[in-house]
Amino acid sequence: MIELRANGERLWQSLMTMAEIGALPNGGVNRQTLTDDDRRGRDLFRSWCEEAGLQVSIDRMGSMFARRKGTDDDRPPVMLGSHLDTQPTGGKFDGALGVLGALEVVRTLNDHGITTKAPLEVVNWTNEEGCRFPPAMIASGVFAGVFELDYGLSRKDHAGRTIGEELERIGYAGDRPVGQRSIGALFELHIEQGPILEAEGQRIGIVTGGQGARWYDCEVIGAETHAGPAPMESRRDALRAAAPLLEDIYQVAHRQGPSGRATVGEFQAYPGSRNTVPGRVRFTVDLRHPDGGTMDAMDRALGQAFERARARHEGRLEFQLEEIWYAPPVAFDADCIEAVRQAAKALGLSSREIVSGAGHDAVYMARVVPTAMIFVPCKDGISHAEAEYAAPDACADGANVLLHAVLARAGA
Ligand SMILES: [Zn+2]
C-alpha cells in the first residue's frame, strides 16, 4: 500500500482550475465566502465530488460533506478537507490545497479500486477566513460546539447581510444538522503560511497544535473640527491619540519574544475628510501566541495600553476596547500526529514538528474529534496575498502524506 501515490499533475490541474474562479490580475484569488464566486467554486467542487462517486450533503451552516462509503460503513467517518473561501486578495492555495488534496486522495483510491474500512468525508467548511463575516472558522466552530447555530447564521458583513441570508441566496442553505455526530478522525492539509519549512528545506510539517488568537474591536472617540481655525492644543484628534497607542499595541507582542504577534489590520478614520480633524477612529487588533498563559498576559497588557492612553488624555477622548473572539491554543491528537509522522517517514519525506501560526478549522474540530494537520512549504512564507505560491511537488507531497495518514486511520 505504501507504493500508492496521489496524482500530482491532476491535483495541480484542479488547483489551477479552481483558481480561475475569482481570479485577480496578479495571480491571486478573491473568492470570499458566500459571494457568487464562492457559489461557482462550490458548484465546481460538488461536480468533481459527484464525478468521483461521492455523495454530497450540506449542513445548515453551508459546509459541504462529500462521502465515500467504507466497507464497514457504520464506522464513524474519517474526515479530510479544508476551505474554498479566500481573503479579498488571497492566493490559490490557502484552503483550496486542503480541499482539493482531499479530493485527490479519493480520486487516487478510486483509480486503484481501494475501499477503506471506515467511510471518508471530504469537507469544505463555510467562512474559514472570517474577513467578510467575523469571526473566522465559524462553521467548524458551530460544528464543534464553540458557537450556537443562531449565532453563526446571524453574523453580518459590512453591508448588513447575514450568513443565513447569503446561504439562501447562493443556494447553499443545507438542511443537515451541524455537528452532533461522531467523526473518527480529521486531517487537514494546508500550506504553512510561514517561512520555517522553506528556510530549513523540510518538505512536510507535522503540526502538533495551533497557537491562540484573540480579536478585538477598538474605537477612539474625540471631536471633529475644522482643520484650519482649530489650534492644535484644543483639538480632540482621535487619530493623533491613536498613533502612540498603536505602537504600545505592537509592544504587547514584542515583549513576548519571537512567538508573540500583534496586528492592526483594519483602521478607519471618520469622517474621512482631509480638512476635518478626525473625531473618531476604529481599528481591529489580532493577538496571537502558542501558550495560553501568555495569551492571558498579552490580553492584560493590551488593557493596560488602553489605560495609559486614557491617562494621557484625561477624559478628553474616549478609548474603547472590546474582545470579540478568543480561540485558545490547541494541542492536536497524539495518534493522528503519529499517523502523519509515519506517513511522511514511509514516503521518505523530510519533516519537522511545527505549531500552526494561523487559525484553521482543524483547531476547532480538535475539541471534538481526534485531529492533526499536515503543512507543506510555501514560497517566502507568504499567504493571504496574491503572491502566495506552493510548488507542484510540495502540493503532491502533502496529498501523499494525507493519503497515507488517512489510509492508516480509516483502514484498508
Ligand atoms: Zn486556510
Side-chain angles (χ1 to χ4, degrees), residues 32 87-90 129-136 155-160 193 211-289 294-327 357-359 382-385:
Q32 290 182 70
Q87 290 284 318
T89 51
E129 295 291 358
C131 46
R132 182 178 175 202
F133 297 99
R155 292 309 88 200
K156 286 182 180 164
D157 66 7
H158 281 312
Q193 304 181 284
Q211 68 180 345
R214 267 197 161 96
W215 283 7
Y216 305 83
D217 283 342
C218 308
E219 217 165 293
V220 180
I221 301 164
E224 293 167 16
T225 188
H226 197 296
M232 297 304 283
E233 293 72 25
S234 69
R235 293 182 181 189
R236 294 156 66 202
D237 185 331
L239 178 45
R240 185 174 182 182
L245 173 59
L246 291 187
E247 189 47 37
D248 251 18
I249 291 168
Y250 300 127
Q251 289 305 324
V252 168
H254 281 294
R255 279 200 297 274
Q256 301 306 334
S259 296
R261 303 278 186 275
T263 302
V264 176
E266 292 182 32
F267 193 101
Q268 282 106 26
Y270 301 94
S273 157
R274 74 170 66 216
N275 54 354
T276 299
V277 172
R280 187 166 72 91
V281 298
R282 72 162 288 278
F283 56 96
T284 59
V285 175
D286 174 319
L287 296 183
R288 299 185 192 219
H289 197 278
T294 308
M295 280 299 299
D296 292 342
M298 289 171 72
D299 176 60
R300 286 193 297 276
L302 182 67
Q304 287 157 6
F306 273 72
E307 280 306 322
R308 284 194 296 277
R310 287 182 193 110
R312 274 198 292 274
H313 296 279
E314 296 166 352
R316 296 184 71 239
L317 288 98
E318 214 179 301
F319 295 81
Q320 295 173 356
L321 170 67
E322 185 193 359
E323 180 185 312
I324 61 159
W325 179 57
Y326 177 45
I382 292 170
S383 180
H384 284 195

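If you're wondering where the values come from, they're calculated on a predicted model, not measured in any experiment.
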Are R280 and Y270 in a cation-pi contact, defined as NZ or CZ under 6.0 Å from the six-membered ring centre and within 45° of the axis?
-> yes
Report the C-alpha separation of E318 and Q320 in whole Å, then their side-chain angles, then the decisive distance to 0.1 Å, and conclude whether the side-chain hydrogen bond (donor to acceptor under 3.5 Å, both in side chains) test is met.
-> CA-CA 7 Å; E318 214 179 301; Q320 295 173 356; 2.7 Å; yes
At their closest point, which heavy atom of A242 faces which heavy atom of V281, and how far apart are they?
-> CB-CG2, 3.9 Å
Provide the closest heavy-atom pair for G357 versus R288 in the form atom of the first, atom of the second, distance.
-> O-NH1, 3.5 Å
Is there side-chain contact between R132 and P88, with at least one heavy-atom pair below 4.5 Å?
-> no
Do you know which two heavy atoms are closest between M298 and A253, and how far apart they sit?
-> CE-CA, 4.1 Å
Heavy-atom side-chain contact between R240 and R235 under 4.5 Å | no
Answer yes or no: is there a side-chain heavy-atom contact under 4.5 Å between M295 and D299?
-> no
For E314, does the CD atom have more than 12 heavy-atom neighbours from other residues, nucleotides or ligands under 6.0 Å away?
-> no
Do the side chains of D248 and F306 get nearer than 4.5 Å, heavy atoms only?
-> no
Heavy-atom side-chain proximity of E129 to H384 below 4.5 angstrom | yes
What is the distance from atom OG1 of T294 to atom CD of Q256, rounded to the nearest 0.5 Å?
-> 5.5 Å
Side-chain contact test, heavy atoms from C-beta onward, threshold under 4.5 Å: evaluate it for E323 versus Y216 and give yes or no.
-> yes
Atom pair CG (L245) and CZ (R310), whose distance is rounded to the nearest 0.5 Å | 9.5 Å
Take the angle between the ring planes of W215 and W325 and call it parallel below 30°, perpendicular above 60°, tilted in between.
-> perpendicular
Modelled atom types, side-chain donor and acceptor of S383 and Q193, under 3.5 Å = yes
Shortest non-hydrogen contact from A227 to R274?
-> CB-O, 4.4 Å
When rounded to the nearest 0.5 angstrom, what is the spacing between CG in L317 and CZ in R312?
-> 11.0 Å
Over all atoms of both residues, closest heavy-atom pair of Y250 and A262 | CD2-O, 3.8 Å
What distance do E219 atom CD and F319 atom CZ have between them, rounded to the nearest 0.5 Å?
-> 12.0 Å
Any side-chain heavy atom of T225 sitting closer than 4.5 Å to one from T276?
-> no
Distance col, row L287:CG vs Q211:CD, nearest 0.5 angstrom, shows 10.5 Å
Nearest heavy-atom approach of A213 to Y326 is O-CD1, 3.2 Å
Taking the side chain from R316 and the backbone from S234, do they hold a donor-acceptor pair closer than 3.5 Å?
-> yes
Between R214 and D296, is any pair of side-chain heavy atoms under 4.5 Å apart?
-> yes
Nearest 0.5 Å, what's the OG1-CD distance between T89 and Q32?
-> 9.0 Å
Should we say atom CZ of R282 is surrounded by more than 12 heavy atoms from elsewhere, each under 6.0 Å from it?
-> yes
